[in-house]
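In what follows, every chain begins at residue 1, and chains take the letters A, B, ... in the order their sequences are listed.
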Amino acid sequence: MSLATTYSPTDVEAKWYQRWQEQGFFKAKPNPKKKPYTVVIPPPNVTGVLHMGHMLNNTIQDVLVRRARMQGKEACWVPGTDHASIATEAKVVALLKEQGINKTDLTREQFLSHAFEWKDKYGGIILEQLKQLGASCDWDRTRFTMEPDLTDAVLRVFVDLYNKGLIYRGVRMVNWDPEGRTAISDEEVIAKDVQAKMYYLRYEIIEPRTQNSEFRSLETENAGQASEFSVLNSKFLTVATSRPETIMADVAVAVNPNDPRYAHLAGAQVRIPLLGREIPVIFDEYVSVDFGTGALKVTPAHDLNDYELGVKHNLPVIDILADNGMLNEKAILYVGQDRFAARKQIAKDLQEAGLLEKIEEYASIVQTSERTKAVIEPKLSLQWFMKMEQMAKPALDVVENDTVRLHPPKFKNMYRAWMENVRDWCISRQLWWGQQIPAYYLPDGTFVVALTAEDALQQAIAQTGNADLQLSDLRQDEDVLDTWFSSWLWPISVFDGFKDPDNADINYFYPTNDLVTGPDILFFWVARMIMAGLEYRQEVPFKNVYLTGIVRDAQGRKMSKQLGNSPDPLDLIAQYGADGVRTGMLFSAPAGNDLLYDVKLVEQGRNFSNKLWNAFRLVKGWEADAALPFVNEKAVTWFNAKLQAAIVEMDDHFEKFRMSDALMTIYKLVWDDFCAQYLEMVKPTYQHPIDAETLRHTTAYLETLLKLLHPFMPFITEELWHELAERGPRDYVTVAPWPRATAPANSAETLASMDKALAIVAGIRTVRNQKNLGPNKPLALVAKTDDSQLLTDYDGIVRKLGSISEVSFADAGPAASVSFVLGGSEFFIPLEGHIDLDAERARLEKELEYAQGFRDSVQKKLGNEKFAQNAKPEVLEKERQKLADAEAKIAALEQALKGL
RNA sequence: GGGGGAUUAGCUCAGCUGGUUCAGAGCAUCUGCCUUACAAGCAGAGGGUCACUGGUUCGAACCCAGUAUCCCCCACCA
């Protein structure tokens, strides 16, 4: 035989992927005779490269899609990429900077042409990488969230929601990313724990109502300076803040009206330290008496609560921060300095001016940008928002009532909490890479919203009554829309469901079936897709959401470039084969659980490929001889029973989205039952032919196993499918029918009997191990049993697997023999010269003792009257059976001991 | 601060409605084997107070309460 002893995947994988494409197996089109099965890919960033998270996610999708295809469904997996506005724009800006070009020096058009250049160069690399993984996407359907058709969808939806009153423009406190210089949504903000400092600043009191007040601020920690402070404290109001650089934007100091320490300050003014501006002391219940000093500086431009306080008390807003996080001219002091530099400097200056009472360490949180990692500044700004409440309600209902099922279901809680507290979505971004907002401003300052500039002009004319308005009089909004404002339409827009809502594709493929994604974008994306689906199709976008975990390293750390603990997926594929990597990832990845990646997993996957390869090699090498009788009926019947049970089990696992368990089922069936047991049972002696009937069954079994494995290991199964037999031009395992479980007659008996026979074999092998006899030394077996039929039926198997040369029955074992007990039967292996009687006796006594203890406990249980009264009849019956078995075993063991 | 989840073998995890699937799986470990498909392998073995403390029950890994530890999500006390 010329086949190599190890499987080498590289050439095989390239070959089959190409042939699948040539055959068009992944192409899907509406077919009324078949049920659709649709998955839309979570579109990766267009300029991204494949990482381990993608590998896991896309492997799962491919397993689902390939199985559905084999089940005869019209399987449609739509691939594509996301323009990822803020991330991509940041990349392009950085790249241009390297070339000495500043974004600010470019026009919008110039910048976009650079961006598209970048996109054309790197865009879609990730899709090519997915092919190496084996992803069976319909590549003809590849979409890009910023391509014309999808942009059209975005604009239509924007206009529609605006007309429905669900989109509005307004001044609100938003999350400002000074790095990306754009507003971002609440969901894009990550809270981070930090060790910050609390600065206690002295605001000079200008008009205290009573002169000789006895109020004191908080005790100072520094006793040595206490006397000095007590004087000062009578003239100053101490305010605690973590952001001293914002004092230039202060418009008041607030205290609680019920705080006796500050009651006398009614009507007072205080002076902002260093700056000197006078601001009022205001009273509001909002202020906590027991936090800080009980006095709060009010800075409406740079804090949401302060903003609300400001509105309530009719205070002005002074915004001292520029878009890039530097202090602007309104700050008067520290203009042009970054806010963090200014903070250091002002602390120093305050200290020198004697206006800084103390600095305390303070555990706090800062809000950071998910994309740029920059510290977020709350900023009052004019943005576009989408009202969420109205859409959230039905989107919550469909998850609550399981129209959309989350796997695992624990995510339902998370989903509910978010949907019940959803806030309006800030959808405008001060970027260029994205869909420009279709709002057009008129010379009079009003605006219209329309799909095209021409429509806008018509509207503007109608609105103003000014027929002389020209296109050039309109100015389109500079901002673009949040990336998620295109992604949320993905399951509809990829089938052109907005432009052409009644087309054949959308009618057939929508709603999709399963969505596979990470829980980190449950709100960003999944929830919003559900909203869009219900709003625009009156139907959920998918029925199941499979939430993967995060891929971590073996120590449980997140994979990151800094740590260098993330393997290159393509290297892994080259080294272990795509099949090995796919199975490796799935071995240990229950839904919702993080995957602790270890190279051992992909090794195990590769080893499994190799095991399968060698099983094939063995079968392929057999020569059939039609003249030989069929001697393997027991083995054949047994394996069929195993196989059918495994199919049922796999289907059940798939039904419940337990992918790892489904894989483990077929893994054990192949490795343990097929290779370790079945093939060993039927294997002919070396260079001897096999009977035709056995070969026929074995080949058929192997084919079925290849089908069951194919979703997990598409490449090797296709290779072996074609190696195993001559195939017709369209006969590929990729499109072979998924095996349907049948229920073989007497399956339970078949399995139970073989278990008993294999237990005898295991007993023999244990003796071989204990006595250090090789695996092939022929031994005799003597049985003392009431069930001689079993041994007669399975005679061939016991002889073959146990290397037993003769089997006989007797009432007592030969003197010099080793024995073992199974159930009520005793088995002896005569072994002259290998017997240590004392050791044998000790071993049997130990076993006897255990059996007696077991019997006693069962007896006790059965003797308990309450148990007898309350337990279900079948439970009682089982207990009685346990007792009988134990007693039989005890009797056999006692016999064995006597015989020694 | 609010909410959710977890804790079972060295590791990663199953264990559905309380009782033979009840203490499991894979990997790892140990022992012996290069036995003509496979050493990327074969045969066998060991390993757990089911986090802790109580309770309910004839019976608890499973139900209840409390404790501890860990993880996740949400959150505007300066």
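Separating the CG atom of Leu669(A) from the P atom of G26(B) is a distance of 13 Å, rounded to the nearest angstrom.
As judged by a 4.0 angstrom heavy-atom cut-off over every strand, Tyr362(A) is placed among residues touching the sugar-phosphate backbone only. Contact annotation for Ser288(A): base contact, defined as any heavy-atom pair under 4.0 Å involving a base atom. Within 4.0 Å (heavy atoms only), Tyr686(A) reaches at least one base atom of the nucleic acid. As judged by a 4.0 angstrom heavy-atom cut-off over every strand, Leu596(A) is placed among residues touching the sugar-phosphate backbone only. Using a 4.0 Å heavy-atom distance criterion, Lys668(A) is classed as a sugar-phosphate-only contact. The residue Val287(A) sits close to a base: some heavy atom pair falls under 4.0 Å. Among the heavy atoms of the strands lying under 4.0 Å from Arg658(A) are primed sugar atoms or P, OP1, OP2 only; no base atom is included. Within the 4.0 angstrom heavy-atom criterion, no nucleotide atom of any strand lies near Asp661(A).
A donor-acceptor contact under 3.5 angstrom links the side chains of Lys297(A) and Thr246(A), judged on distance only. No side-chain N or O of Asn607(A) forms a donor-acceptor pair with one of Glu603(A) less than 3.5 Å apart. Donor-acceptor pairing under 3.5 Å is lacking for the side chains of Asn610(A) and Thr6(A). In the model, Glu245(A) has no side-chain atom that pairs as donor or acceptor with a side-chain atom of Tyr199(A) under 3.5 Å.
Two residues, Gln367(A) and Arg552(A), neighbour RNA chain B, and the one matched to the more 5' nucleotide by heavy-atom proximity is Arg552(A).
Taking the ring centroids of Tyr667(A) and Phe712(A), they lie at or beyond the 6.0 Å cut-off.
Other residues, nucleotides and ligands contribute more than 12 heavy atoms inside 6.0 Å of the NZ atom of Lys800(A). Residue Lys882(A) places its NZ atom among more than 12 non-hydrogen atoms of other residues, nucleotides or ligands, all under 6.0 Å distant.
For U69(B), the paired nucleotide is A6(B), the pair qualifying as Watson-Crick or G-U wobble because both relevant distances are below 3.5 Å. Across all strands shown, the partner of G1(B) is C74(B), judged by Watson-Crick or G-U wobble contacts whose two distances both fall under 3.5 Å. Here G44(B) sits opposite C30(B) as a Watson-Crick or G-U wobble pair (both hydrogen-bonding atom distances under 3.5 Å). Across all strands shown, G19(B) is found opposite C58(B) as a Watson-Crick or G-U wobble partner, with both distances under 3.5 Å. Of the nucleotides present, G24(B) is the one that pairs with C13(B) by Watson-Crick or G-U wobble criteria, both distances under 3.5 Å.
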Report task. For nucleotides 39-49 of chain B, just jot down a letter per nucleotide in 5' to 3' order: B, S or -, based on protein non-hydrogen atoms under 4.0 Å. Result -> -BSSBS-----
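Taking only side-chain atoms of Asn593(A), from C-beta outward, the nucleotide of C73(B), G19(B), C13(B) with the closest atom is C13(B). Side-chain proximity of Met198(A) to the nucleotides G26(B), A78(B), G32(B) is greatest for A78(B). Of the listed nucleotides (U20(B), A75(B), A37(B)), A37(B) has the atom at the smallest distance from the side chain of Leu679(A). Considering only side-chain atoms of Leu618(A), the nucleotide from A78(B), A37(B), C74(B) that sits closest is A37(B).
Between A65(B) and G24(B), the two C1' atoms lie 29 Å apart (nearest whole Å). Atom P of A25(B) sits at a distance of 12 Å from the matching atom of A45(B), rounded to the whole Å.
For the ring-ring contact (aromatic ring centres under 6.0 Å, His included) criterion with Tyr7(A), the lone passing option out of Phe616(A), Phe715(A), Trp613(A) is Trp613(A).
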Counting only pairs under 3.5 Å, give me each side-chain donor-acceptor contact of residues 648-663 of chain A, with atom names and distances, residues two or more places apart or in other chains.
unit_1	atom_1	unit_2	atom_2	d
Glu649(A)	OE2	Thr665(A)	OG1	3.0
Asp651(A)	OD1	Arg67(A)	NH2	3.0
Asp651(A)	OD1	Trp738(A)	NE1	3.1
Asp652(A)	OD1	Lys656(A)	NZ	3.1
Asp652(A)	OD2	Lys656(A)	NZ	3.1
Ser660(A)	OG	Leu586(A)	O	2.7
Ser660(A)	OG	Ala589(A)	N	3.1
Ser660(A)	OG	Ala589(A)	O	3.3

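Annotation: cation-pi pair Arg423(A)/Trp418(A) absent, no NZ/CZ under 6.0 Å from the ring centroid and within 45° of its normal.
Between Phe674(A) and Tyr678(A), the ring planes lie parallel to each other; the angle is under 30°, not in the 30° to 60° tilted range.
Near RNA chain B, meaning a heavy atom under 4.0 Å from it, residues 407-419 of chain A has Asn413(A), Met414(A) in order of number.
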